[in-house]
A.B. asks: 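Questions regarding the structure given below will be posed in turn.
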Amino acid sequence: MKLAILISGRGSNMDAILTAIRQRQMPQAQPVLVLSNLPEALGLTIAREKFGLHTEVLASNDLKGWEYDKNVMTLLQKYEISPTNGLICLAGFMRLLSPQFVSLFRNRIINIHPSLLPSFPGLHAQRQALEYGAKISGCTVHFVDKGLDTGPIIIQKSTPVLQSDTEESLSDRILRDEHLVYPEAIKLITEDRVKISGRMVLIDGGQ
Ligand code: GRF
């Protein structure tokens, strides 16, 4: 399965995914492309210099929805990544994908979010959890549907919220778990052990 990883920033989840692949934890995953909407994204350098991967930048340039996403499609085609052989992994990609793109890559786009969805979707999920006074938060890997952080959940991992937590300390602890669950979810999908039934994601060998 050909992986395209879409980022906008430091790319630590991307790094965790590519490290797991390098360690041969998921032989069926073939990383092909890292794409950013921001040229200054640190993850681009990591992808090229640490992992020798192709990187591309598609600047947002005020393009909205499908106007932008059709350029993503064109790039994916250039790398021969299709809805049948590909998996699009959003890893801190700060754009919402259009319904057209999501339909084309139906059940072939996944995302990681730093909360236990459906709690605290959208931006600043860790700050939202703190401000709400939640005692437990965590992270979620989910399929992407047309909503914001609403797609079927593949894996979640909980993280306690401590009284002493700041947004930064909580984010750091959640991030450590993100780096475990995102590669795990990709491994399951590339091994064809994941089925979607309505909102439920059923994992072959799961409980
Ligand atoms: C992570 O917290 C992820 O959950 C969220 O954006 C952040 C990206 O961080 N979607 P990184 O670029 O992977 O380090």
A.B. asks: Do side-chain atoms of S197 reach the backbone of M200 as a donor and acceptor pair under 3.5 angstrom?
C.D. replies: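 No, because the side chain of S197 does not come within donor-acceptor range (under 3.5 Å) of the backbone of M200.
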A.B. asks: Atom CD1 in I186, atom CD1 in I110: separation rounded to 0.5 Å?
C.D. replies: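 Between I186 CD1 and I110 CD1, I get 4.5 Å after rounding to 0.5 Å.
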A.B. asks: I'd like to check S137 versus Q126 (side-chain heavy atoms, cut-off strictly below 4.5 Å). Are they in contact?
C.D. replies: no
A.B. asks: Main chain of A41, side chain of R10: is a donor-acceptor contact present, judged purely on distance under 3.5 Å?
C.D. replies: no
A.B. asks: Looking only at atom types and distance, does a side-chain atom of Q156 sit under 3.5 Å from a main-chain N or O of L117, one as donor and one as acceptor?
C.D. replies: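 Flag set: sc Q156 to bb L117 pair under 3.5 Å.
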A.B. asks: Any sub-3.5 Å donor-acceptor pair from N61's side-chain atoms to L63's backbone N or O?
C.D. replies: no
A.B. asks: Are L202 and I155 in one and the same hydrophobic cluster, where Ile, Leu, Val, Met, Phe, Trp and Tyr link if side-chain heavy atoms are under 4.5 Å apart?
C.D. replies: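 No, because L202 and I155 fall into different hydrophobic clusters, even though each may have its own neighbours under 4.5 Å.
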A.B. asks: S82 side chain to T84 main-chain N or O, any donor-acceptor pair under 3.5 Å?
C.D. replies: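 A pair under 3.5 Å: yes.
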A.B. asks: Between D204 and K195, is any pair of side-chain heavy atoms under 4.5 Å apart?
C.D. replies: no
A.B. asks: Return yes if some donor-acceptor pair links the side-chain N/O of R199 with the main-chain N/O of G151 below 3.5 Å, else return no.
C.D. replies: yes
A.B. asks: Would V194 and M26 show up in the same hydrophobic cluster when neighbours are defined by side-chain heavy atoms closer than 4.5 Å?
C.D. replies: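 V194 and M26: one cluster.
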A.B. asks: Within the 4.5 Å heavy-atom criterion, are I46 and M14 side-chain neighbours or not?
C.D. replies: yes
A.B. asks: Restricting to non-hydrogen atoms, name the atom on P152 and the atom on V201 that form the minimum distance, rounded to 0.1 Å.
C.D. replies: CB-CG2, 3.6 Å
A.B. asks: So, Y68 side chain and L58 main chain: donor-acceptor pair closer than 3.5 Å or not?
C.D. replies: yes
A.B. asks: Tell me whether R173 is salt-bridged to D165, with the criterion being a basic N under 4.0 Å from an acidic carboxylate O.
C.D. replies: yes
A.B. asks: Starting from F93, can I reach I5 by hopping between I/L/V/M/F/W/Y residues whose side chains sit under 4.5 Å apart?
C.D. replies: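 Not linked; separate clusters.
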A.B. asks: Indicate the atoms forming the closest heavy-atom contact of L180 with P183, along with that distance.
C.D. replies: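 Closest approach of L180 to P183: O-CD, 3.5 Å.
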A.B. asks: Does H54 have more than 12 heavy atoms from other residues, nucleotides or ligands lying within 6.0 Å of its NE2?
C.D. replies: no
A.B. asks: Can E56 and K78 be said to form a salt bridge (Lys or Arg N to Asp or Glu O under 4.0 Å), step by step?
C.D. replies: CA-CA 11 Å; E56 297 274 0; K78 174 176 154 194; 2.9 Å; yes
A.B. asks: Answer yes or no: is there a side-chain heavy-atom contact under 4.5 Å between F101 and I109?
C.D. replies: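 Yes, at least one pair of side-chain atoms sits under 4.5 Å.
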A.B. asks: Taking L87's backbone N and O only, do any of them form a donor-acceptor pair with R108's side chain (distance below 3.5 Å, no angle check)?
C.D. replies: no
A.B. asks: Kindly determine whether F51 and D15 satisfy side chain to side chain contact (heavy atoms under 4.5 Å, CB included), including the steps that lead there.
C.D. replies: CA-CA 9 Å; F51 296 100; D15 192 326; 3.5 Å; yes
A.B. asks: Closest heavy-atom contact between L44 and P39?
C.D. replies: CD1-O, 3.5 Å
A.B. asks: Mind checking the CD1-SG spacing from I112 to C139? Nearest 0.5 Å is all I need.
C.D. replies: 4.5 Å
A.B. asks: Is a side-chain donor or acceptor of S8 paired with a backbone partner of M94 at a separation under 3.5 angstrom?
C.D. replies: yes
A.B. asks: Any donor-acceptor pair under 3.5 Å linking the side-chain atoms of S115 with those of H113?
C.D. replies: yes
A.B. asks: Let's go through S36 and T55 carefully: what are the C-alpha distance in whole Å and the side-chain angles of both, what is the deciding distance for side chain to side chain contact (heavy atoms under 4.5 Å, CB included) to 0.1 Å, and is it a yes or a no?
C.D. replies: CA-CA 8 Å; S36 172; T55 60; over 6 Å; no
A.B. asks: If you round to the nearest 0.5 Å, how far is CG of L53 from CZ of R48?
C.D. replies: 10.5 Å
A.B. asks: Are any of the side-chain heavy atoms of L3 and I81 separated by less than 4.5 Å?
C.D. replies: no
A.B. asks: Are the side chains of K135 and P160 in contact, using a 4.5 Å heavy-atom criterion?
C.D. replies: no
A.B. asks: Are N13 and L175 close enough, and set up right, to give a side chain to side chain contact (heavy atoms under 4.5 Å, CB included), and what steps lead you there?
C.D. replies: CA-CA 8 Å; N13 278 288; L175 191 66; 3.8 Å; yes
A.B. asks: So does R106 have more than 12 non-hydrogen atoms from other groups sitting under 6.0 Å from CZ?
C.D. replies: no
A.B. asks: From F105 CZ over to I88 CD1, what is the distance, rounded to the nearest 0.5 angstrom?
C.D. replies: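 Spacing of CZ (F105) from CD1 (I88) equals 4.5 Å.
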A.B. asks: Is L90 linked to M73 within one hydrophobic cluster, defined over Ile, Leu, Val, Met, Phe, Trp and Tyr using a side-chain heavy-atom separation of less than 4.5 Å?
C.D. replies: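 Same cluster: L90 reaches M73 through Ile, Leu, Val, Met, Phe, Trp or Tyr contacts under 4.5 Å.
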A.B. asks: Do any N or O atoms from the side chain of T150 and from the backbone of K146 form a donor-acceptor pair under 3.5 angstrom?
C.D. replies: no
A.B. asks: Hey, what do you get for OG (S119) to CG (D149), rounding to the nearest 0.5 Å?
C.D. replies: 12.0 Å
A.B. asks: Are L76 and V72 side-chain neighbours, meaning at least one heavy-atom pair lies under 4.5 Å?
C.D. replies: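 Result yes, sub-4.5 Å side-chain heavy-atom pair found.
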A.B. asks: Under the criterion side chain to side chain contact (heavy atoms under 4.5 Å, CB included), I'd like the reasoning laid out for K2 against E80: C-alpha separation, chi angles, the key distance, then a yes or no.
C.D. replies: CA-CA 9 Å; K2 293 185 172 187; E80 297 180 343; 3.6 Å; yes
A.B. asks: For I136, look at atom CD1 and say whether over 12 heavy atoms of other residues, nucleotides or ligands are found less than 6.0 Å away.
C.D. replies: no
A.B. asks: Hey, does Q100 have a side-chain heavy atom less than 4.5 Å from the side chain of D69?
C.D. replies: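 Counting from C-beta outward, D69 and Q100 never come under 4.5 Å.
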A.B. asks: Is there a chain of hydrophobic side chains (I, L, V, M, F, W, Y, each step under 4.5 Å between heavy atoms) that links V57 to L97?
C.D. replies: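 Different clusters: V57 never reaches L97 through Ile, Leu, Val, Met, Phe, Trp or Tyr contacts under 4.5 Å.
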A.B. asks: Calculate, to the nearest 0.5 Å, the distance between atoms OG and CH2 belonging to S103 and W66 respectively.
C.D. replies: 9.5 Å
